[in-house]
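Take a look at the structure below.
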Amino acid sequence: MSKPSIPQGTRDFNASTVQKRQFIFQTIRYVFETYGFQPLETPAMENVETLMGKYGEEGDKLIFKILNNGLDNPQKKASIQEGFDKVLAGKNSTAITERALRYDLTIPFARYVAMNHGQLTFPFKRYQIQPVWRADRPQKGRYREFYQCDADVVGSDSLLNEVDLIAVYIKAFEQLKLPVEIKINNRKILLGLAQVCGGEDKLIDLTIAIDKLDKIGWEKVKEELNNKGFNDAQQQLVERYLNISGTNTEKINALANLLGENENGKKGIEELNYVLSYHQSTGMDQHLVADFTLARGLNYYTGLIFEVKAIDAQMGSIGGGGRYNDLTSLFGVPNIPGVGISFGVDRIYDVMEEKNLFPTSVDHTTQVLFFNLGEAEAQVAYGQMMTLRAKKIACEMYPEKSKFDKQFKYAEKKGIPNIVIIGTEEVNKQECTIKNLATGKQINLPFKDLLTYPF
RNA sequence: GAGGGCGUAGCUCAGUAGGUUAGAGCGACAGUUUGUGGCACUGUAGGCCGUGGGUUCGAGACCCAUCGUUCUCCCCA
């Protein structure tokens, strides 16, 4: 028997970690609900075809697939063999696998909307807090099982949804006391640039190259553009695009100049302006940064896109989202536009832990430990303990009659602030000894006063 | 998918140029102290040195493979 272990990229969470994570979940859930979003849960596994082809070529490779049961059935040997050959050739085969673990929450949500659009009231606002799985190689801030907290609105074209979702981001991070900046761009602007640069078909090459700017620098980006067939004039245009800097307003003006009369460019800028100016009136625009290099991987985005970055932290994005025109048409139900955002709880946790941002109050533990001084005494103490529990004070009794030393140490390790001693003396006098472990002070109190004692 | 670092006690690590019985600190447990913790002292337990193979008279140290872990790239939360 080898040592027990858990799969790569997964984790166990101890008491204090769970409590801190709960703090993040509760904060985000509270904000979601305050903004009118209602909960949804979907299964951990989806049909393979629901997920495949939705996340790009790279994404498909990172989907965890579940092996079918009954592969050893001799009657199905031929079809399974055939399916296996397809898998070896890099294709998918339902004879081998027909289910997969969900990769994100947006696609399952789109599937849900497509399945239930008849019953839903639009605009439909839902939030979802559940784990997702990716067969990525684990590293800092990257896990194979992690939680996402998504909020989406479908069935509305209004930019007010974008405005509202940005407010959700800002308010949630404000409550978590985590300083962030929210980068905003518009896929329409990128599309406009691609058109000005010689064609929509270049959009993907262009965004991939642009996205790498802060990592590899302009020279390398230029090289890549060159390899992808962009001519000198086009490269110069991209360079001017990437060199745009200044305040949000300055950047937008420079961009408008650059893209000129391009329809998509104009529309993209208009939308961006709308959202930014709206938040000038709410006073939340200080967190917003127009960033034309922001591209985002998921190719279903069509409008404004967002990405959240923790300030002064070495961590990838801790949240992202954007508008998608027609996600449900992938499932046969066209014309349901939507916009959504996502929080990456595990990365938020890592950053907050690193910066020591968790309030000490998130550590809930037992408030009172009742000492166990023998069968008869423990029975009396148990009765007293139950009255405290009825008042919602967290209590426990040490289960063994052990030496004081041991019971004290238990309380100390667990961070229990108070102990109650009920021994033979106390039972005779119908009182208990209460000791505060931090101050070391102790008092005697009649049983009848225990209920009103301010633990 | 590509590349680097690291695997020695429950934890953090040491282990000198390969040399015989593998160490420390913290923690755990027990005692000094059978109704008062934190401190101190004393003692005890706990290791197929990740796994498999190889080189060598001799391997925790060197080589190969494998697994795990961590980081970077790709991509992403």
Side-chain angles (χ1 to χ4, degrees), chain A residues 1-11 14 24 28 55-63 90 102-106 129-150 169 180 207-208 211-212 215-216 220 224 294-299 306-310 313-321 340-351 369 371-374 377 398 401-427 432-444:
Chain A
M1 188 74 197
S2 56
K3 283 186 185 174
S5 64
I6 54 175
Q8 193 179 30
T10 65
R11 296 148 300 157
N14 64 22
I24 300 174
I28 294 172
Y55 308 106
E57 232 176 279
E58 290 294 321
D60 280 358
K61 288 186 201 158
L62 301 180
I63 294 171
R102 72 171 159 249
Y103 177 90
D104 73 353
L105 302 178
T106 307
I129 300 179
Q130 287 190 281
V132 302
W133 293 269
R134 295 184 189 179
D136 222 332
R137 185 167 279 198
Q139 55 182 273
K140 187 179 180 182
R142 174 173 301 182
Y143 306 98
R144 290 185 146 188
E145 177 184 64
F146 61 98
Y147 267 78
Q148 290 194 328
C149 305
D150 275 32
Y169 264 146
V180 296
T207 51
I208 290 174
D211 201 33
K212 292 182 185 166
K215 273 184 188 156
I216 62 177
K220 296 264 182 184
E224 191 160 328
L294 176 65
R296 303 224 13 102
L298 299 172
N299 44 23
F306 324 109
E307 198 161 286
V308 185
K309 182 93 182 54
Q314 270 204 294
M315 180 62 75
S317 64
I318 55 176
I341 58 170
S342 181
F343 289 80
V345 173
D346 301 75
R347 285 185 177 178
I348 293 171
Y349 175 91
D350 287 347
V351 174
L369 176 71
F371 270 28
N372 187 329
L373 299 181
E377 294 85 346
Y398 199 81
K401 174 187 186 294
S402 299
K403 293 205 283 187
F404 268 49
D405 181 69
K406 194 152 181 175
Q407 303 197 40
F408 266 120
K409 279 187 174 145
Y410 177 77
E412 230 170 89
K413 293 249 168 62
K414 209 166 163 181
I416 300 174
N418 304 291
I419 60 156
V420 171
I421 300 170
I422 298 176
T424 25
E425 289 172 32
E426 285 86 356
V427 171
C432 56
T433 302
I434 300 174
K435 180 165 184 168
N436 180 298
L437 283 195
T439 63
K441 285 190 184 147
Q442 68 180 54
I443 58 163
N444 291 320

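In the text below, chain A, chain B and the rest are named by the order of the sequence lines, each starting its count at 1. Just the heavy atoms: all of them, side chains too, but no hydrogens, waters or symmetry mates, feed the values below.
- For Arg142(A) against rC71(B), a side-chain-to-base donor-acceptor contact under 3.5 Å is absent.
- Between Gln8(A) and rU69(B), a side-chain N or O to OP1/OP2 separation shorter than 4.0 Å is present.
- Between the side chain of Gln407(A) and the base of rG35(B) there is no donor-acceptor pair of N/O atoms closer than 3.5 Å.
- Look at the P atom in both rG27(B) and rU12(B): the space between them is 15 Å, to the nearest Å.
- A straight line from CD of Glu412(A) to C1' of rC39(B) spans 11 Å, rounded to a whole angstrom.
- Rounded to whole Å, the distance from NZ on Lys61(A) to C1' on rC74(B) is 10 Å.
- Between rC57(B) and rU20(B), the two C1' atoms lie 12 Å apart (nearest whole Å).
- Leu437(A) is listed as a side-chain neighbour of Phe408(A), based on a closest heavy-atom distance under 4.5 Å.
- The residue among Asn436(A) and Arg137(A) whose nearest nucleotide of RNA chain B is located toward the 5' end is Arg137(A).
- In this structure, Phe404(A) places its CZ atom 16 Å from P of rU32(B), rounding to the nearest Å.
- Rounded to whole Å, the C1' atom of rA9(B) lies 12 Å from the corresponding atom of rC26(B).
- In this view, Lys140(A) and Glu354(A) satisfy the salt bridge (Lys or Arg N to Asp or Glu O under 4.0 Å) rule, not counting sequence neighbours.
- Residue Phe146(A) and nucleotide rA77(B) are classified as a stacked aromatic pair, their ring centres being separated by less than 5.5 Å at an interplanar angle below 30°.
- The nearest whole Å value for the distance from the NZ atom in Lys409(A) to the P atom in rG27(B) is 10 Å.
- Listed pair Gln139(A) / rU70(B) fails the phosphate criterion, with no side-chain N or O lying under 4.0 Å from OP1 or OP2.
- Contact check, Lys406(A) against rA30(B): a side-chain N or O comes under 4.0 Å of OP1 or OP2.
- On the P atoms, rG35(B) is 16 Å away from rA30(B), given to the nearest whole Å.
- Distance check on atom C1': rU69(B) versus rU51(B) gives 15 Å, rounded to whole Å.
- Between Glu307(A) and Lys441(A), the residue anchored closer to the 5' end of RNA chain B is Lys441(A), taking for each the nucleotide with the nearest heavy atom.
- One can find a donor-acceptor pair under 3.5 Å joining the base of rU36(B) and the side-chain atoms of Lys435(A).
- Between Phe343(A) and Tyr169(A), the ring center distance clears the sub-6.0 Å criterion.
- Rounded to whole Å, atom P of rA77(B) lies 11 Å from atom CG of Leu62(A).
- Listed pair Lys413(A) / rA28(B) meets the phosphate criterion, a side-chain N or O lying under 4.0 Å from OP1 or OP2.
- Comparing rA22(B) with rC13(B), their P atoms sit 23 Å apart, to the nearest whole Å.
- Taking atom P in both rG60(B) and rG50(B), the straight-line distance is 10 Å, to the nearest Å.
- One can place CG of Asn444(A) at 17 Å from P of rG35(B), the figure rounded to the nearest angstrom.
- Expressed to the nearest 0.5 Å, how far CG of Asp350(A) lies from CZ of Arg142(A) amounts to 13.0 Å.
- For the C1' atoms, the distance from rG47(B) to rG3(B) is 33 Å, rounded to whole Å.
- Helical stems involving RNA chain B, defined as 3 or more consecutive Watson-Crick or G-U pairs under 3.5 Å, span B:1-7 with B:67-73, B:10-13 with B:23-26, B:28-32 with B:40-44, B:50-54 with B:62-66.
- Ring planes of Phe371(A) and Phe404(A): perpendicular class, angle over 60° (limits at 30 and 60°).
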Practice problem: For Phe146(A) and Val345(A), run side chain to side chain contact (heavy atoms under 4.5 Å, CB included): C-alpha distance rounded to whole Å, both residues' side-chain angles, the deciding distance at 0.1 Å, then the answer. | Solution: CA-CA 8 Å; Phe146(A) 61 98; Val345(A) 173; over 6 Å; no

